[in-house]
Amino acid sequence: ILPPSFPFGGMEHPLLTFASPTIITGDKSQVYVATHEIAHSWTGNDVTCENWENFWINEGFTVFEERKVSGNIHGKDFAQVEALLGNVSMFTDMKNYGMNNVFSSLHPTLDGAAPDDAFSTIPYDKGFQLLYYLESLVGENMFQDFLRVYIYNH
């Protein structure tokens with residue numbers, strides 16, 4: 001558990017999960033932050049982006065797995081509501097950047113810009129949407145098999 005001044009809910013590491021004390025609540029309302037950071041042990045450190053322009057690989061895969069966990073715990077409707085809320089936040093970020101701005105894309109070209117300038121919910125939720133779409137094409141079981149092989153190989 002990190003100091004209360006840590007500015008994020010958590011930070012991933014292959015063997016540890018660093019968590020802000022703000023995610024430890026009696027009502028368990030922040031359990032998905034912990035789930036997200038734990039999922040990074042597989043889809044954020046071992047399977048990772050080459051550079052900040054590929055940040056969606058870390059976060060999109062992790063959000064995808066995080067929502068699978070919440071769907072298994074609370075049902076698929078719950079996970080779909082999470083996806084809808086993520087989509088609303090992503091769309092707001094895209095409007096704020098501008099729909100034709102490179103930072104609104106799944107794979108932004110930074111061209112010397114600081115990675116923090118491109119940080120938003122976009123790589124999290126557009127990455128999730130891409131993976132969810134691919135799963136819809138091949139089926140849930142086949143896509144989970146693909147993920148196992150992909151994570152193992154990368």
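For the single chain, residues carry numbers from 1 onward in sequence order.
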**OP:** Can you measure from OG (Ser120) to NZ (Lys126) and round to the nearest 0.5 angstrom?
**Re:** 9.5 Å

Original post:
Going hydrophobic residue to hydrophobic residue with side-chain gaps under 4.5 angstrom, can you get from Phe78 over to Val63?
Top reply: no

Original post:
Will you find, in the side chains of Thr43 and Thr62, an N or O donor that is under 3.5 Å from an N or O acceptor?
Top reply: yes

Original post:
Looking at CG of Asp93 and CD1 of Ile122, how far apart are the two atoms once the value is rounded to the nearest 0.5 Å?
Top reply: 5.0 Å

**OP:** Would you check if there is a donor-acceptor pair between the side chains of Asn54 and His107 at a distance under 3.5 Å?
**Re:** yes

Subject >> Which atom of Met94 lies closest to which atom of Ser104, heavy atoms considered >> reply: O-OG, 3.4 Å

Original post:
Which one of Phe146, Trp56, Phe143, Tyr124 satisfies the ring pair (Phe, Tyr, Trp, His ring centres under 6.0 Å) criterion with Phe64?
Top reply: Phe143

Original post:
Partners of Glu53 by salt bridge (Lys or Arg N to Asp or Glu O under 4.0 Å), sequence neighbours excluded?
Top reply: none

Original post:
Hey, are the side chains of Phe119 and Phe55 touching, using non-hydrogen atoms and a 4.5 Å cut-off?
Top reply: yes

Subject >> Contact summary for Arg67 and Glu82, nearest pair of heavy atoms >> reply: NH2-O, 3.5 Å

Subject >> For Thr22, side-chain hydrogen bond (donor to acceptor under 3.5 Å, both in side chains) partners two or more places apart >> reply: Ser20

Original post:
Do you reckon Val69 sits in the same ILVMFWY cluster as Tyr150, going by side-chain contacts under 4.5 Å, direct or chained?
Top reply: no

Subject >> Heavy atoms from other residues, nucleotides or ligands near CG of Asn153 exceed 12 (cutoff 6.0 Å) >> reply: yes

**OP:** Apply salt bridge (Lys or Arg N to Asp or Glu O under 4.0 Å) to Lys95 and list each qualifying residue two or more places apart in sequence or on a separate chain.
**Re:** none

**OP:** Mind checking ring-ring contact (aromatic ring centres under 6.0 Å, His included) for Phe18 and listing every partner two or more places apart, or none if nothing turns up?
**Re:** none

**OP:** Return the minimal non-hydrogen interatomic distance between Ala118 and Leu110, and the atom names on each side.
**Re:** CB-CD2, 3.9 Å

**OP:** Determine, using the 4.5 Å side-chain heavy-atom cutoff (strictly less than), whether Ile73 and Ile24 are members of one ILVMFWY cluster.
**Re:** no

Original post:
In chain order, what residues pass the side-chain hydrogen bond (donor to acceptor under 3.5 Å, both in side chains) check against Glu66, with sequence neighbours excluded?
Top reply: His36

Original post:
Mind checking who shares a hydrophobic cluster with Leu85, ILVMFWY linked at side-chain heavy-atom distances under 4.5 Å?
Top reply: Val81

Subject >> Residues forming a side-chain hydrogen bond (donor to acceptor under 3.5 Å, both in side chains) with Tyr32, sequence neighbours excluded >> reply: His74

Pairs under 3.5 angstrom only: tabulate donor-acceptor contacts from the side chains of residues 127-137 to other protein residues two or more places apart or in another chain.
| residue | atom | partner | partner atom | Å |
| --- | --- | --- | --- | --- |
| Gln129 | NE2 | Asn87 | OD1 | 2.4 |
| Tyr132 | OH | Gln80 | NE2 | 3.4 |
| Glu135 | OE1 | Lys68 | NZ | 3.3 |
| Glu135 | OE2 | Lys68 | NZ | 2.7 |
| Ser136 | OG | Tyr133 | O | 2.6 |

Original post:
Can you name the residues that form a ring-ring contact (aromatic ring centres under 6.0 Å, His included) with Phe91, not counting sequence neighbours?
Top reply: none

Original post:
Going from CG on Asn51 to CD1 on Ile57, what distance comes out if it is rounded to the nearest 0.5 angstrom?
Top reply: 8.5 Å

Original post:
Tyr97: what forms a ring-ring contact (aromatic ring centres under 6.0 Å, His included) with it, not counting sequence neighbours?
Top reply: Phe103

Subject >> Contact summary for Pro21 and Leu2, nearest pair of heavy atoms >> reply: CD-O, 3.0 Å

Subject >> Contacts of type salt bridge (Lys or Arg N to Asp or Glu O under 4.0 Å), residue Asp117, not counting sequence neighbours >> reply: none

Original post:
Looking at residues at least two apart in the chain, or sitting in another chain, which of them share a side-chain hydrogen bond (donor to acceptor under 3.5 Å, both in side chains) with Asp27?
Top reply: Thr25, Ser29

